[in-house]
Amino acid sequence: MPLIHFRRKMMAYRVIGTVIELNCSKYGSGYKESLQHTRLMTTSKRVQDRSTKKRVHDLEIVTEKLKIVSKVLFLMEVLKKEAEQIITVRSLDQYRRQINLPKPHKISDFIRKSPKLFELYKDQKGVLWCGMTKEAEDLVAEEERLLEEHADKAAEHVTRFLMMSIDKRLPLDKIAHFRRDFGLPYDFRTSWVRKYPQHFRVVKSEDEIEYLELVSWNPALAVTELEKKANGANGDILPTPGLLSLPFPLKFPPNYKKVYRYGGKIDHFQKRSYLSPYADARGMQAGSKEFDKRAVAIMHELLSFTIEKRLVTDHLTHFRWELVMPQKLMRLLLKHFGIFYVSERGKRFSVFLTEAYEGSELIDKCPLVLWKEKVQNLIGYRGRKRRIETFDELTDMEDTSLFEMDSENENFDAELEQGETIDGLGNGLLADDVEMEIGEICNAYKDNEPS
C-alpha cells in the first residue's frame, strides 16, 4: 500500500512539473519566479474535515446562539452611540458586513425579529427610523453598571496578558479585539486604559502605533489559573515563574472512543513539564515539544480570562509573535481536542475551553454572562408583521413601547419549531446565511422525542 501511494505522488509531481514547464514556455520565466513566492496548499487536516464523532453538538449550540446575539448587541452599540439613541434604517445599511446581512435581505426585517428590543417608526416625511425599546434601554444601563463593577477584574486580566508577552507590551488595536471577551467597557481605548496607571500605560512607537505597556512586574499576578486551582489561595508565590508540571483538565465527547487508543500519548503529554506562560520564552526552539506545550498553556490562560471561556481563533493568531506561539496555531488547537474545542460555525472559527462547560451551559457565569442571556431571551418573534406607526400616531403614546399593544403581547415569545434532527443540522441547517431563532437552535440539535 505505501508503494502504491508513493507512485501516485510521483505521477502527480510529474504532471505538475509538465504544467509548469508548459506555462513557462507560454508566459516566460516570470511565471516560474512567481511560483516561488506563492504559498502552496498544505495537506494538513482542516477543521471541517474532522470526524463527526469529534463534533460537540452542545458547544455548537452555544456558538450559534452567540452568533445571533452578537448581531443584536452590535446594533444596540450603534444605537447607543447616537445622540438620541435613534438612527435611520438607511444609515444602518453601512453595517451590513458587521451583522452579516447580505443583500437582498432587508435590515428592517432583521430589526423586526426582535420587537422587544427594537422599534421602528416613520417620520412625517416617510423616513424609517430605528430605536430601542424601554426594556432595551434598561438593559444598556444595566450593562454599564456591570462593566463598572467588572473593571478591576478586567484590569487584572489585561495586566496578566501584558506580563505574558515577550516585550511586556501589546498593540492597543489588537487588545481591542478582546474588548467584549474580557468584559472591557466601551471607552476602553479613550479613557479606561488610563484609569490604572499602577498597572499599565499607553505609549507610542516611532511609527505612531499605540501600545499598552506594563508599568511594573507583579509576582502575585504571575500565577496561572491552573496553579490557583491546584494550590488554592494559599499557594506559594515564586519571584520568578519557571517550569510547571500541572496537567490540563480534559473533557471528551461521550461517543469519542479513540481516547483509549491515544491514552498513552495523552498521558505522556500531561506528565511533561512546561514553561510557565509568565516565564521568559526567549531562546525556545520553535516546533519542540516544550514549545508547543507552553503554547497550550498560554491559550488555556487566555481563555480563562474571558467571561465566556471562548475566543475567535482569528483574534488568537494576532498574538503569535508577541506571545511566542507557533505559526500553525489552529493545528495545535485541533490536536489537543480534549483541552480545547474548535467550532466552525460562522465565517470565523471559535475555540472553547472544554472544562468550563457542562453540556451547552457555562459552569461559572459572571454577571456579564447572565446579562447577555437576558438579551438572548428577548430575541425572536414569530407572527404577522405589525404595521409601522408614524411619528404623529406616536405622540399620544407616552411611556408605552411601540410593540406592547393589546391582546397580542403574549405572541412575542418565539414559537419553537420541533422535528429537526442532529443529522439535518450537520448537513448545513445552520449555514451562515440562514437566520434562526434561539429556540430553533436548541431544538435543531435534539433528537425527536416520542410523543
Side-chain angles (χ1 to χ4, degrees), residues 143-202 210-229 231 233 235 237 241 244 248 276-279 294-320 322-325 340 350-353 355-356 362-372:
E143 186 194 23
E144 290 180 355
R145 177 179 58 80
L146 293 175
L147 287 171
E148 185 66 29
E149 294 174 358
H150 185 72
D152 291 343
K153 193 66 177 177
E156 177 193 322
H157 289 158
V158 171
T159 304
R160 292 168 68 182
F161 195 7
L162 294 171
M163 290 170 67
M164 286 193 291
S165 64
I166 191 169
D167 292 326
K168 306 301 177 278
R169 70 174 191 173
L170 294 168
L172 208 55
D173 284 341
K174 291 186 179 182
I175 300 176
H177 290 305
F178 290 163
R179 183 186 66 77
R180 190 170 283 281
D181 300 308
F182 278 17
L184 300 172
Y186 295 99
D187 61 349
F188 158 71
R189 300 185 60 169
T190 55
S191 60
W192 185 87
V193 290
R194 294 171 175 82
K195 290 181 180 179
Y196 298 90
Q198 72 277 22
H199 295 313
F200 39 73
R201 64 188 173 197
V202 179
E210 285 189 324
Y211 286 84
L212 197 62
E213 188 177 71
L214 185 70
V215 171
S216 60
W217 182 270
N218 187 349
L221 297 180
V223 181
T224 65
E225 294 298 313
L226 282 178
E227 289 178 277
K228 290 179 181 178
K229 290 179 181 179
N231 303 326
I237 298 174
L244 299 175
F248 296 97
S276 168
Y278 299 99
R294 179 186 172 274
V296 170
I298 287 177
M299 290 184 286
H300 185 281
E301 192 75 350
L302 273 179
L303 286 166
S304 299
F305 293 165
T306 62
I307 62 174
E308 292 173 313
K309 308 300 180 270
R310 164 196 168 272
L311 278 173
V312 175
T313 54
D314 287 357
H315 296 168
L316 272 175
T317 56
H318 290 327
F319 297 95
R320 283 179 298 200
E322 291 89 348
L323 298 178
V324 193
M325 293 197 293
F340 312 109
S350 299
V351 56
F352 290 85
L353 195 61
E355 67 188 79
L362 187 64
I363 296 172
D364 186 15
K365 297 181 181 180
C366 73
L368 285 169
V369 174
L370 295 174
W371 175 86
K372 185 180 281 190

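- In this structure Ser350 satisfies the side chain to side chain donor-acceptor pair (under 3.5 Å) test together with Arg310, sequence neighbours excluded.
- Contact check on Glu148 versus Arg145 returns no salt bridge, with no Lys/Arg side-chain nitrogen under 4.0 Å from an Asp/Glu carboxylate oxygen.
- Among residues two or more places apart in sequence or in another chain, the ring-ring contact (aromatic ring centres under 6.0 Å, His included) test is passed with Trp192 by Phe188, Tyr196, Phe200.
- Contact check for Val223 versus Asn231: no side-chain heavy atoms found under the 4.5 Å cut-off.
- Residue pairs meeting the salt bridge (charged side-chain N to carboxylate O under 4.0 Å, His left out) criterion with at least one member in residues 182-195, sequence neighbours excluded: Asp173-Arg189.
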Taking distance alone, no hydrogens or angles, what donor-acceptor pairs closer than 3.5 Å link side-chain atoms of residues 311-319 to residues at least two apart or in another chain?
| residue | atom | partner | partner atom | Å |
| --- | --- | --- | --- | --- |
| Thr313 | OG1 | Phe349 | O | 3.2 |
| Thr317 | OG1 | Asp314 | O | 2.7 |

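- Here salt bridge (charged side-chain N to carboxylate O under 4.0 Å, His left out) pairs that include residues 294-308, with residues two or more places apart or in two chains, are Arg160-Glu301, Glu308-Lys372.
- Applying the side chain to side chain donor-acceptor pair (under 3.5 Å) test to pairs two or more places apart or on separate chains, those with a residue in residues 161-172 are Asp167-Arg282.
- Listed by chain and residue number, Leu146 satisfy the side chain to side chain contact (heavy atoms under 4.5 Å, CB included) test with Pro367 (two or more places apart in sequence, or in another chain).
- Residues that satisfy the ring-ring contact (aromatic ring centres under 6.0 Å, His included) test with Phe248, not counting sequence neighbours, are Tyr274, His300.
- Applying the side chain to side chain donor-acceptor pair (under 3.5 Å) test to Thr224 and every residue at least two apart in sequence or in another chain returns Glu227.
- Residues Leu303 and Phe340 have side chains in contact (heavy-atom distance under 4.5 Å, counting atoms from C-beta outward).
- Between Ile175 and Val193 the shortest side-chain heavy-atom distance does not fall below 4.5 Å.
- Evaluation of the side chain to side chain donor-acceptor pair (under 3.5 Å) rule for Arg320 yields no partner, not counting sequence neighbours.
- Note: Glu149 CD to Cys366 SG = 11.0 Å, rounded to the nearest 0.5 Å.
- Listed by chain and residue number, Glu355 satisfy the side chain to side chain contact (heavy atoms under 4.5 Å, CB included) test with Lys229 (two or more places apart in sequence, or in another chain).
- Separation of the Phe178 and Phe161 ring centroids falls under the 6.0 Å cut-off.
- Checked against ring-ring contact (aromatic ring centres under 6.0 Å, His included), His199 has no partners two or more places apart in sequence or in another chain.
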